[in-house]
Amino acid sequence: MSTTTAVDRAALQDKAFAVARTVTDPEMPMLTLEDLGVLRAVEVDERGHVIVSITPTYTGCPAMATMRDDLVRSLQDAGLPGATVRVSLTPAWSSDWITERGRRSLAEHGLSAPGRAPARNGPVALSLMPTRREIACPRCGSAHTELTSEFGPTACKALYRCTSCLEPFEHVKEI
Amino acid sequence: MTDHVEPASHPAPDPSDAHGSVYDGLLGGDPSHWAFGTDFEDPLAGVDTTIPEGVDARDLATYCLMLADDALIASQRLSQWTSRAPDLEEDIALANIALDLLGQARLLLARAAAADPTLVPALPEGSPVPPEDALAFFRESGEFRNVRLVETDNGDFAVTIVKLLVLATARLALLERLASSSDHVLAAVAAKGVKELTYHRDYAGRWFLTLARGTEESRRRLEAALAVVWPLQAELFATHEVERRVAAAGVGVDPATTADDVAVVLAQVFAVSGVEQPTQAALAGVQGRQGRDGLHTEALSLLLAEMQVVARAHPMGRW
């Protein structure tokens with residue numbers, strides 16, 4: 001491949017980013033990887049090769065490989081074959097990185113969006129009482145909700161129940 | 001290093017195959033969707049794995065194995081609760097915690113392999129097994145560096161909770177310090193791990209309190225569990241020679257330096273729960289050797305036999 005000029009690279013980078021930002025999370029398909037805060041960078045090297053960096057939400061996130069495959073395939077379909085997907089481990093993902101659009105999308109699909117992630121100064125404090133959150137039911141809007149389980153079907157979600165409409169729902173945890 | 005196009009890890013069945021399959025229509029001819037959870041060929045792809053100055057590569061790799069094996073074996077044990085926990089919520093909680101620990105183990109094993117490839121068991125020519133899997137599935141029990149606490153049987157729910165409380169408290173204290181390691185991978189794994197260990201410890205602490213203040217029977221079981229688990233906790237804070245050297249190099253953490261902080265947290269849980277500080281003596285090593293030296297109980301051999309059997313039967317297998 002001939003050396004890509006700076007102008008070409010910038011155009012290529014724009015194009016690659018436009019594609020990468022449309023790829024959705026395999027487990028929460030109402031969210032793009034960009035809205036989830038998992039898409040960290042889209043770069044183009046001097047040979048015109050696309051390099052995408054993603055970060056896991058949780059260390060054991062089993063969806064990373066699917067995200068990688070989805071990114072590579074989407075870029076290939078858009079005429080950008082052979083993209084490299086890299087893992088970015090630092091800084092560690094925070095639920096604060098979920099965008100406003102992402103939060104609206106979660107709510108529209110019946111999921112409760114996370115509040116602010118806990119800030120930490122000094123040693124991590126032990127908490128022996130159940131986690132308390134002020135959460136409104138994403139279906140009926142009632143503030144009367146109760147925690148069913150701090151752990152849910154994926155690492156990033158807790159289970160709640162609305163005591164007004166009685167519907168169960170998932171809450172994306174603050175981390 | 002040359003760039004390469006990622007090969008599909010899971011070839012889809014040929015749709016033109018006369019026999020076909022009921023799943024053909026679901027595939028849409030896209031091999032990348034054949035199996036959910038295909039492996040990332042290199043979990044550290046793009047991560048800076050340069051070995052920091054002043055540390056021996058073998059020491060760094062061995063230290064990574066210690067941290068990885070604690071997580072891997074604890075994860076395997078916790079997974080054994082799947083489908084048999086006291087209720088569905090705890091089943092899911094323990095599986096979630098096991099998954100976090102497995103993720104930490106995978107990165108740490110990959111880091112160990114990158115630091116010193118000579119530690120990775122040899123596999124047949126052309127085997128697609130990645131180095132972190134070779135370390136997990138093809139080492140003998142004597143090559144595992146985990147503390148004995150994590151390998152012992154789950155016992156009843158109380159034993160599992162006490163083991164998890166001790167492990168999570170000690171590991172959290174360690175990773176909080178390790179986040180400033182001069183090794184980029186260890187620092188990143190630690191910083192992320194702190195967030196996860198925080199709720200592992202809270203989960204175990206809450207159940208400890210609940211069992212202690214619950215019924216006579218739950219209290220009896222909790223006290224019995226403490227007596228079983230306590231002799232195993234001291235090993236977490238016994239400094240191994242490798243730990244001493246990596247700590248001196250600014251890469252690792254001497255676990256003895258975390259002992260006081262861990263004791264304070266555990267004392268807090270005991271006080272709130274109205275449980276007396278246990279006094280059982282530490283489980284002895286054999287001729288000075290403990291889990292970090294590769295000296296283990298029979299429980300590890302049995303656990304490994306189950307965990308490794310399929311991988312060992314198919315060293316050329318793709319998953």
Side-chain angles (χ1 to χ4, degrees), chain A residues 26-27 41 45 47 49 51-70 72-73 76 81-94 117-118 120 122-131 148-159 173 175, chain B residues 3-6 8-9 30 32-33 36-40 42-47 75 88-90 92-104 106-107 169 172-173 176 184-185 187-189 191-199 201-203 205-206 208-209 261 265 268-269 272-273:
Chain A
E27 287 175 336
D45 70 12
R47 290 178 302 136
H49 187 88
I51 302 157
V52 181
S53 299
I54 57 175
T55 193
T57 51
Y58 286 70
T59 313
C61 177
M64 289 292 281
T66 309
M67 291 179 190
R68 184 270 318 268
D69 289 349
D70 288 349
V72 170
R73 192 186 61 251
Q76 180 169 319
T84 300
V85 178
R86 287 183 174 164
V87 185
S88 164
L89 290 180
T90 188
W93 183 80
S94 164
R120 187 166 68 81
V124 180
L126 176 72
S127 162
L128 291 178
M129 297 308 286
T131 309
T148 318
S149 170
E150 193 53 30
F151 296 87
T154 66
C156 57
K157 284 178 273 183
L159 299 178
K173 287 190 270 193
I175 191 169
Chain B
D3 296 317
H4 69 283
V5 179
E6 304 286 357
S9 324
D30 177 359
S32 68
H33 276 175
F36 180 71
T38 56
D39 59 337
F40 228 108
D42 178 6
L44 296 178
V47 176
S75 176
L88 185 56
E89 282 75 17
E90 304 328 310
I92 292 170
L94 293 169
N96 263 263
I97 292 169
L99 179 63
D100 288 339
L101 292 171
L102 186 64
Q104 293 175 18
R106 185 177 184 201
L107 291 172
T169 305
L172 177 54
E176 281 186 87
H184 296 300
V185 181
V189 171
K192 197 159 183 63
V194 164
K195 295 186 177 204
E196 296 164 352
L197 265 314
T198 298
Y199 58 76
R201 189 183 68 177
D202 286 348
Y203 171 83
R206 287 167 196 172
F208 189 100
L209 171 60
D261 287 0
V265 173
Q268 194 185 340
V269 178
V272 174
S273 305

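FYI, side chains are in, hydrogens and waters are out, and symmetry mates aren't considered; it's all heavy atoms of this structure. Remember, it's a predicted structure, so these values are computed and weren't measured experimentally. Per chain, numbering begins at 1; letters A, B, ... match sequence-line order.
Contact annotation for A/T131: both backbone and side-chain heavy atoms come within less than 4.5 Å of a heavy atom of chain B. With a 4.5 Å cut-off on non-hydrogen atoms, B/F208 does not touch chain A at all. When heavy atoms are compared at a cutoff of 4.5 Å, B/V265 approaches chain A by way of both its backbone and its side chain. Neither the backbone nor the side chain of A/S88 comes within contact range of chain B, judged by heavy atoms closer than 4.5 Å. Using a 4.5 Å cut-off between heavy atoms, B/L102 does not touch chain A at all. Contacts between A/T55 and chain B at a heavy-atom distance below 4.5 Å are absent for every atom of the residue. Neither the backbone nor the side chain of A/P91 comes within less than 4.5 Å of any heavy atom in chain B. With a threshold of 4.5 angstrom between heavy atoms, A/A125 approaches chain B through N, CA, C or O but not through any side-chain atom. Looking at A/P118, neither its backbone nor its side chain comes within 4.5 Å of chain B, counting heavy atoms on both sides.
B/Y199 meets the ring-ring contact (aromatic ring centres under 6.0 Å, His included) test with A/F151; sequence neighbours excluded.
Between A/P62 and B/L99 there is a side-chain heavy-atom pair separated by less than 4.5 Å. Between A/L128 and B/D202 there is no side-chain heavy-atom pair separated by less than 4.5 Å. By the 4.5 Å heavy-atom criterion applied to side chains, A/V87 and B/L44 are not counted as neighbours. Two residues are said to be in side-chain contact when any heavy atoms from C-beta on lie closer than 4.5 Å; A/Y58 and B/K195 fail this criterion.
A salt bridge links B/E176 and A/R120; the closest N-O separation between the charged side-chain nitrogens and carboxylate oxygens is under 4.0 Å.
Annotation: maximal heavy-atom pairing with chain B below 4.5 Å, among A/S149, A/P153, A/S53, A/A117, occurs at A/S149. When the candidates B/A188, B/G205, B/G103, B/S273 are compared by the number of heavy-atom contacts under 4.5 Å with chain A, B/G103 comes out ahead. Counting heavy-atom pairs closer than 4.5 Å to chain A, the top residue among B/E196, B/K192, B/E90 is B/K192. Chain B forms more heavy-atom pairs under 4.5 Å with one residue of A/S127, A/P56, A/A92 than with any other, namely A/S127.
The line from CZ of B/R206 to CZ of B/R201 is 10.5 Å long, rounded to the nearest 0.5 Å. Atom CG of B/D261 sits about 11.0 Å away from atom OG1 of B/T169, to the nearest 0.5 Å.
For the residue pair B/H184/A/T90, the side-chain donor-acceptor check at 3.5 Å is not satisfied.
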